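All figures in this text were calculated on a predicted structure; none of them were measured in a lab.
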Amino acid sequence: MSGGDTAPRVVEDFFGVVQILSDGTVIRGDEAALQPKETYPDVPGVQWKDVLYHPTHGLRARVYRPASSSPVVAGKLPVLVYFHGGGYCIGSLAQLTFHSFCLRAAAELPAVVLSVQYRLAPEHRLPAAIEDGADFLTWLSNQVDGGADPWLAESADFARKFLSGVSAGANLAHHVTVQVASGELAVSPVRVVGYVLDSAFFGSAERTAAETDPPADVSLTVEMSDQLWHMSLPVGATRDHPVANPFGPDSPSLAAVDLPPALVVAPGSDVLRDHVHGYAARLKEMGKAVEVAEFDGEQHGFSVRQPFGEAANELLRVLRRFVYTATER
């Protein structure tokens, strides 16, 4: 057999779930292999449905709202936009971990929760996912101007919107929040009054202390984080790319950006904890309003790894207080 007949070989393999071949082909396996095996209880009193927000890319959002008969509902509710995690390479709004957390958030805040699908790398490398997040916010603002989806028209207070996400979704929430706050992305009459970063997926070319000497029993290793960035960033980019490192050498300054109040969720047993704490510290140095919620001993993405665990219970209490305090400002 001649060299030209050699079959493509695997050059990148993320647990068999995402494989990149030498000819650029991407093969996807069953993500269930990486998901917790337990089942989760239903959350009564919450309605949900999927809506199409980007017909060209076939992207959906899942809308959650407490049923009108629920005793927690009194008038229109704040809106929590939620971006799922997965290192920009895996994950789905339909996965039970993310779905369960959104059900709980809708019921317990209470709020209208909008869980957003976005394109994944390596088929669609960054900034594709961030572009999708911005397109969703444009779609949402058009709902107000052009006649909202009936559920949104009935239940959503568009003047009280929060952007949020877990892991890569938190990274995405940061970037679209900056676009809105800087005026790059116009979303009026929708108003973003706060944002929430849970176990944010940030990085840098320089190792942090937690990456050099990781905590025991982590859910995300340094090697996994590196590989996900390698598969999701533009080819040839380092972890100092502005998407990965918002305070990197090529990242625009946030000093003059009028960011809304931030809630930064920092798990203690996370190799990314120094990036998370560093993000909050830099914003505080700039005079931004930042609340840090520490969860000692918890792993990266604990809120969706165990969406009915005690730490998730506490996070929902913190989130409820943040949302309703911010809406009173």
Side-chain angles (χ1 to χ4, degrees), residues 39-53 60-85 91-118 133 136-137 139-140 143-144 148-167 169-170 172-173 190-198 263 265 293 301-328:
T39 58
Y40 303 116
D42 190 21
V43 177
V46 177
Q47 301 172 317
W48 63 271
K49 67 176 181 179
D50 290 350
V51 297
L52 185 68
Y53 79 88
R60 299 172 295 131
R62 182 160 291 183
V63 183
Y64 303 81
R65 68 170 183 174
S68 57
S69 58
S70 171
V72 302
V73 176
K76 292 192 174 183
L77 298 170
V79 175
L80 182 74
V81 175
Y82 183 85
F83 299 106
H84 68 76
S92 161
L93 55 73
Q95 287 176 350
L96 285 179
T97 50
F98 304 117
H99 179 66
S100 295
F101 183 81
C102 290
L103 284 169
R104 291 198 65 189
E108 296 176 36
L109 293 182
V112 174
V113 178
L114 304 174
S115 183
V116 183
Q117 180 186 19
Y118 52 87
F136 174 77
L137 297 189
W139 175 86
L140 190 59
Q143 292 293 296
V144 182
D149 172 272
W151 282 19
L152 297 179
E154 293 166 8
S155 303
D157 182 349
F158 290 105
R160 296 189 292 163
K161 184 176 75 174
F162 296 79
L163 304 182
S164 71
V166 61
S167 191
L172 200 165
V190 172
R191 180 168 169 254
V192 176
V193 296
Y195 69 114
V196 182
L197 307 188
D198 177 1
L263 172 63
V265 180
F302 68 90
S303 63
V304 291
R305 289 180 58 80
Q306 296 181 312
F308 289 88
E310 182 50 45
N313 295 346
E314 176 60 20
L315 175 57
L316 283 163
R317 289 190 286 267
V318 171
L319 182 57
R320 174 185 169 86
R321 184 173 65 249
F322 176 76
V323 165
Y324 281 91
T325 299
T327 57
E328 292 168 1

Requested in this report: Show your reasoning for whether salt bridge (charged side-chain N to carboxylate O under 4.0 Å, His left out) applies to Arg317 and Glu310.
Outcome: CA-CA 11 Å; Arg317 289 190 286 267; Glu310 182 50 45; 2.9 Å; yes

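Remark: side-chain polar atoms of Lys161 are not paired, donor with acceptor, to backbone N or O of Gly194 under 3.5 angstrom. Formation of a donor-acceptor pair under 3.5 Å by the Ser92 side chain with backbone atoms of Ala94 is found in this model. Under a 3.5 Å cut-off, the side chain of Gln143 and the backbone N or O of Asp149 do form a donor-acceptor pair. Between the side chain of Gln117 and the backbone N or O of Arg60 there is at least one donor-acceptor pair closer than 3.5 Å. Judged by distance alone, with hydrogens and angles left aside, the side-chain atoms of Asp42 form no donor-acceptor pair with the main-chain N or O of Pro44 at under 3.5 Å.
Using a 4.5 Å heavy-atom cutoff, the side chains of Leu140 and Leu152 are in contact. A 4.5 Å side-chain heavy-atom check between Arg62 and Phe98 finds every atom pair outside the cut-off. Between Leu163 and Leu137 there is a side-chain heavy-atom pair separated by less than 4.5 Å. The shortest side-chain heavy-atom distance between Pro78 and Val323 falls under the 4.5 Å cut-off. Taking 4.5 Å as the limit, every side-chain heavy atom of Arg65 sits out of range of all side-chain heavy atoms of Trp48. Under the 4.5 Å side-chain criterion, counting only non-hydrogen atoms from C-beta, Leu114 is in contact with Val79. Considering only heavy atoms from C-beta on, Leu316 comes within 4.5 Å of Phe101 through its side chain.
For the atom pair OG (Ser164) and CG (Leu172), the distance works out to 10.5 Å, reported to the nearest 0.5 Å. The OH atom of Tyr64 sits 4.5 Å away from the SG atom of Cys102 when rounded to the nearest 0.5 Å. To the nearest 0.5 Å, atom CG of residue Leu319 and atom CG of residue Leu263 are 6.5 Å apart.
Aromatic rings from Tyr118 and Phe136 are positioned such that their centres are separated by 6.0 Å or more.
Both tests hold for Arg320 against Tyr324: distance to the six-membered ring centre under 6.0 Å, angle to the ring axis within 45°.
Screening residues 93-104 for salt bridge (Lys or Arg N to Asp or Glu O under 4.0 Å), with sequence neighbours left out, gives Arg104-Glu108.
In this view, Tyr195 and Tyr279 satisfy the side-chain hydrogen bond (donor to acceptor under 3.5 Å, both in side chains) rule, not counting sequence neighbours.
Salt-bridge check for Glu154 with Lys76: failed, with every basic side-chain N at 4.0 Å or more from each acidic carboxylate O.
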